Amino acid sequence: MVAPCPTSMMVRTKKTKAMGFPTIDLSLERSKLSELVVKACEEYGFFKVVNHSVAKEVISRLEEEGTEFFSKTSSEKRQAGPANPFGYGCRNIGPNGDMGHLEYLLLHTNPLSVSERSQTIANDPTKFSCAVNDYIEAAKGLTCEILDLVAEGLWVQDKFSLSSLIKDVHSDSLLRINQYPPVSLKSNKNCNTSKLEPHQLQNQNNNNNSNSNHNNHNIGFGEHSDPQILTIMRSNNVDGLQISTHDGLWIPVPPDPNEFFVMVGDALQVLTNGRFISVRHRVLTNTTKARMSMMYFAAPPLNWWITPLPKMVTSHNPSLYKPFTWAQYKQAAYSLRLGDTRLDLFKIQ
Ligand code: GA4
């Protein structure tokens, strides 16, 4: 069932429209479900799923590992960094000067890479890597279930053409755990960001747009779309996530620790030849509580060509994008700023 989230939970400002995003019940009948998934991807590039089959215990074990890690001292955490490309990161996002009010762990989902990384992250590396690998398997299962529904809803001939990209042993999928410490109004006023260099402050400001109800100092993670195919996100019970509608209005997403949120990424925008649009989103910090979120970024292998599915291209609807490999797209993404619309580089004029 597609139900709008309660408007009472929406922050109303001059330019924030009170409206909902879809919630999809995965226990519904399959043909109805695939229709709803496609509609949600088309209209919002974002939806919440309920009645999924991910065990609560898989979620809570990863959350416990995250809590344990982030409660370590800064010098202990730094031993697991820098996140270049994987490991612990604090405030720096990507290589081009973007900053946020957060710390994080960024991991490749390859089990060998997880096990190697866990040595510097956890006191009990085996327990940590088991929790991470179990979560990754569950998130991958949910992603594939959703991608199969997408393929069915789009009447794509090979129903597994999308999920097979993620199931591939060389898939370049990632797991990220973000922790946003509370940023008090007082420190907002005093501008915690005073510790930043002027060019870094400029970078923070560039990640905002004027269509918002916040100042420049409570950005946890600046506005962007995810480069991958699909993102599966969940968080603890602390708010902060906002998504942008296609017409540029921001909608707050009330947290729901037992459920997952699904985001269309840039690669799925290309695979559907622009029928789905990747969702722009951002995270604002909370003034009293720490938000912890975990994201599974579902990506194909590096050498995979990203090009519209044959079904999505006709003589009336030619391909909008030049073909590129996932490695080429990643390279482009890492050469640009967080908030840049990097797909523009690959558009056919
Ligand atoms: C956004 C989605 C994922 O968090 C991420 C991010 C990555 C990073 O933090 O290193 C990027 C960002 C993300 C998009 C553009 C580039 C790359 C920072 C950045 C400026 C891990 C990813 O894959 O792309």
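Atom set for the values below is all heavy atoms of this structure, side chains included, hydrogens, waters and symmetry mates excluded. When a ligand or atom number is given, it counts from 1 through the structure's own listing order. Note that the coordinates shown come from a computational prediction; the quantities given were computed from them, not determined experimentally.
- Closest to atom 13 (C) of ligand 1 among all protein heavy atoms lies Pro227 CD, 4.2 Å.
- For Tyr88 and Phe69, the distance between ring centers is under 6.0 angstrom.
- Note on ligand 1: Ile93 sits in its first shell, one or more heavy atoms being nearer than 4.0 Å.
- Between Asn178, Asp226, Leu338, it is Leu338 that holds the heavy atom closest to atom 12 (C) of ligand 1.
- Protein heavy atom nearest atom 18 (C) of ligand 1, with residue, atom name and distance: Gly94 CA, 3.6 Å.
- Taking the charged nitrogens against the carboxylate oxygens, Lys39 and Glu35 have no contact shorter than 4.0 Å, which rules out a salt bridge.
- In this structure, Met295 falls outside the shell of residues with a heavy atom less than 4.0 angstrom from ligand 1.
- Looking at Ile306 and Pro300, their side chains come closer than 4.5 Å, going by heavy atoms from C-beta outward.
- Ring planes of His224 and His281: tilted class, angle from 30 to 60°.
- Between Phe21 and Tyr44, the distance separating the two ring centers is not shorter than 6.0 angstrom.
- Distance from atom 7 (C) of ligand 1 to its nearest protein heavy atom, with residue and atom name: Tyr334 OH, 3.5 Å.
- Of the protein's heavy atoms, Phe297 CZ, 3.4 Å lies nearest to atom 3 (C) of ligand 1.
- Of all the atoms in ligand 1, the ones that sit under 4.0 Å from a non-hydrogen atom of His224 are 1 (C).
- Checked by atom type, the side-chain pair His170/Asn110 shows no donor-acceptor distance below 3.5 Å.
- Val264 and Gln269 get closest at one heavy-atom pair: CG1-N, 4.4 Å.
- Nearest protein heavy-atom contact of atom 14 (C) of ligand 1 is Arg342 NH2, 3.5 Å.
- Protein heavy atom in closest approach to atom 5 (C) of ligand 1: Arg176 NH1, 3.9 Å.
- Side chains of Asp25 and Thr23: no donor on one and acceptor on the other come within 3.5 Å.
- Distance from atom 16 (C) of ligand 1 to its nearest protein heavy atom, with residue and atom name: Ala333 O, 3.5 Å.
- In the vicinity of Gln228, heavy-atom distances shorter than 4.0 Å reach the ligand 1 atoms 22 (C), 23 (O).
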